[in-house]
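Below: one structure, written as structure tokens.
Just so it is clear, the structure is predicted and the values come from calculations on it, not from any experiment.
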Amino acid sequence: MADSTSPVTPPVSHSNSSRNRSWWGWGTADKALPDAECTALGGLVPGSAATPLPVPDISALELPKVRVEPPSALAPLMSAAPRDRASHTYGKAYRDVVRALNGDLSAAPDQVAHPRTEQDVIDVLDWAADADVAVVPYGAGSSVVGGVEYRADQHRGVVSLDLSNLDRVLEIDPVSRAARIQAGALGPGLEAQLRPHGLTLRHFPQSFEFSTLGGWLATRAGGHYATLYTHIDDLVESLRVVTPVGVNESLRLPGSGAGPSPDRMFLGSEGTLGVITEAWMRLQDRPRHKASATVLFGDVHAAMNALRAIAQSGLHPANCRLLDPGEAALAGVGRDGESVLVLGVESAHSLVGERLAELVTLARDHGGSPAPAAPDAEDATEDSAAGTWRSAFLRMPYLRDALARMSVITETFETACTWDRAPGLYESVRRDLGDVVREVTGTAGTINCRFTHVYPDGPAPYFTVIAPGRRGEEVAMWDEIKTAAMQILTDHGATVTHHHAVGRDHRPGYDRQRPEPFAHALRAVKQALDPAGILNPGVLFDPAAAG
């Protein structure tokens, strides 16, 4: 019998063969909307700018002077090329895009490191600790909360650590159904390496094409699936993490009651305690049977009650997205002020029609009206409304960038709360944050909501804000709105983030949310693992607090 754990032949790097990434905005440069389309889109938001902000030419940008040079042994791993530095300055939040469009790259790292092996990571951290150089793990840079931007002023220089060369599935254990995967693997490359084995990680965040396994783990990312295994946490068997004081590798186990989990300490640590280089991840058989349905509601609160019944039913739909009337209209799937519930089920082993029918019945019992089913709906990938919503969902970040070029404030924030608080939170955000948007922008603006994930004890509402901004003041205006949003979430006992991580933008809300004894313990862990305080300073706690 063959060994249950088999090495995988390394393929050609998937990370480095990706299409031309946009240095200033989301995704790839070829999918960004051209000027004429930006202008047309901006015309749908009264009060937007007349012309789009131009995309700066990197060769014309003024980057900060490089303050540190690597030792000769590390020089082959490092780059201070303008494009590397510019593209690693920010993540992809609205405020990041606007600052990049305005040519503000004052936070650019001095060097971008591209380690080829785990030993390279160790060598970079050793040098940085001795040289007083901050190291910011980059993932693929899709952070929308300031997670990859150095904002302190306490180090001689800054290195952005890009693990995109570490992108292999190294081993697969088909008996235990798990794989050892390097942290720099992008979503598509990871799945491409698992596909020949009939397996999948089944973790598909909106950023799937432009984010890495290590980034998902470091930020406790949420995937596309709305119930059961919603977060990457649930899929972790063990982690391997390089810290400034040594390598931390946990045992591969299906579960353990042996004290606090060593993996949980690094999940969500956002690169401030160590650099995740590998993980054993739990896999699943690839789904073969899929079906979807759409249910319409005239009352959003009735739709929320249906959502709760479904979440508590134990039927575990793969997709269970509720779009309120504004969000449904924005996605092109709503009409006449209706809320839209998109349901989807899938299985690797059995037909799913009966389960979908049970879910639709639950929704109907709470006042929903199922949309007409397509012929031969069993095993259809998705119905027409679900397909329309999915296309809009994947296109949204590009539309956000186009509106940003028109000086429109267009950004999102998400949260989670218990079901008893959900109706009040939904109404408060729409009412109270609406008042703030009107005060800041001078217009009513638009606040939409979709419920992206659901649990037996509560939902995860995801809000979108759209309003005209004043050219040159967009970042300050959004920051004022975001500050008010975090306070509303805190007042309603909701989390400051369900799956976007803390970064630097959510720090004020996170400081209010976490218990103070835990904060003390976390700072002590930081001091023990990173005594020089070089790893991603400013994330989770202030740099000075680690000293």
Side-chain angles (χ1 to χ4, degrees), residues 19-58 60 90 92-104 142 144 206-207 209-210 323-338 340 384-413 434 437-438 440-450 462-478 481:
R19 290 168 295 151
N20 182 33
R21 290 287 302 276
S22 171
W23 71 267
W24 62 271
W26 184 262
T28 58
D30 61 299
K31 287 189 177 181
L33 273 64
D35 287 3
E37 291 186 34
C38 290
T39 301
L41 190 63
L44 301 177
V45 183
S48 67
T51 58
L53 285 165
V55 176
D57 182 348
I58 288 183
Y90 300 128
K92 302 303 181 185
Y94 171 79
R95 63 194 322 277
D96 300 335
V97 170
V98 171
R99 286 182 294 167
L101 286 171
N102 282 301
D104 175 10
S142 62
V144 292
Q206 188 178 30
S207 62
E209 189 177 359
F210 308 110
L323 317 181
D324 79 354
E327 190 74 7
L330 188 66
V333 298
R335 63 187 184 190
D336 301 326
E338 291 175 319
V340 177
S384 58
T388 300
W389 171 80
R390 176 176 170 77
S391 297
F393 175 74
L394 295 175
R395 188 66 173 155
M396 281 177 191
Y398 293 100
L399 299 178
R400 188 279 310 265
D401 286 0
L403 287 171
R405 292 187 61 197
M406 301 302 297
S407 294
V408 174
I409 295 171
T410 170
E411 187 59 297
T412 64
F413 63 95
V437 170
R438 185 179 294 106
V440 171
T441 69
T443 67
T446 298
I447 300 178
N448 297 331
C449 180
R450 63 183 184 268
Y462 191 116
F463 295 94
T464 299
V465 179
I466 304 173
R470 292 183 292 275
R471 182 146 290 178
E473 300 178 43
E474 302 97 330
V475 171
M477 294 171 75
W478 169 247
I481 294 169

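Listed for the Tyr90 side chain is no donor-acceptor partner under 3.5 Å among the backbone atoms of Arg95. Between the side chain of Asp324 and the main chain of Cys449, a donor-acceptor pair closer than 3.5 Å is present.
Smallest separation of non-hydrogen atoms from Ser48 and Gly42: OG-O, 2.6 Å. The nearest pair of heavy atoms linking Leu41 to Ala402 is CD2-CB, 3.9 Å. Counting all heavy atoms, side chain and backbone alike, Gly334 lies closest to Val340 at CA-CG2, 4.1 Å. Taking each heavy atom of Ala331 and Leu323 in turn, the nearest pair found is CB-CD1, 4.4 Å. Residues Gln206 and Pro397 share a closest heavy-atom pair of NE2-CD, 3.8 Å. In plain terms, the two heavy atoms of Val437 and Ala444 that are nearest each other are CG1-O, 3.8 Å.
Taking 4.5 Å as the limit, some side-chain heavy atom of Pro56 sits within range of a side-chain heavy atom of Trp23. Glu411 places none of its side-chain heavy atoms less than 4.5 Å from the side chain of Val465. Using a 4.5 Å cut-off on side-chain heavy atoms (C-beta onward), Arg471 and Leu53 make contact. Side-chain contact between Pro46 and Thr443: absent, with no pair of heavy atoms (C-beta onward) separated by less than 4.5 Å. At least one side-chain heavy atom of Leu33 sits less than 4.5 Å from a side-chain heavy atom of Leu399. Contact check for Met396 versus Thr464: no side-chain heavy atoms found under the 4.5 Å cut-off. Here the side chains of Val97 and Arg405 are not in contact, with every heavy-atom distance at 4.5 Å or above.
The CG atom of Leu330 sits 5.0 Å away from atom CD1 of Ile466, with the distance rounded to the nearest 0.5 Å. Distance CD1/Ile409 to OG1/Thr441: 6.5 Å, rounded to 0.5 Å. A distance of 4.0 Å separates OG in Ser407 from CD in Glu474, rounded to the nearest 0.5 Å. Between the CD atom of Glu209 and the CH2 atom of Trp26 there is a distance of 9.0 Å, given to the nearest 0.5 Å. Residue Thr412 holds its OG1 atom at 8.0 Å from CZ of Arg400, rounded to the nearest 0.5 Å. We find the CG-OG1 distance between Asp401 and Thr410 to be 9.5 Å, quoted to the nearest 0.5 Å.
Counted within 6.0 Å of CZ on Arg335, heavy atoms from surrounding residues, nucleotides or ligands total 12 or fewer; the atom is thus considered open.
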Can Phe210 and Thr28 be said to form a side-chain contact (heavy atoms from CB on, under 4.5 Å), step by step? CA-CA 9 Å; Phe210 308 110; Thr28 58; 3.9 Å; yes

Apply the test side-chain contact (heavy atoms from CB on, under 4.5 Å) to residues Val144 and Phe413: give CA-CA distance (whole Å), side-chain angles for both, the deciding distance (0.1 Å), then the verdict. CA-CA 9 Å; Val144 292; Phe413 63 95; over 6 Å; no

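Between Trp478 and Tyr94, the angle of the ring planes goes over 60°, which puts this pair in the perpendicular group of the 30/60° scheme.
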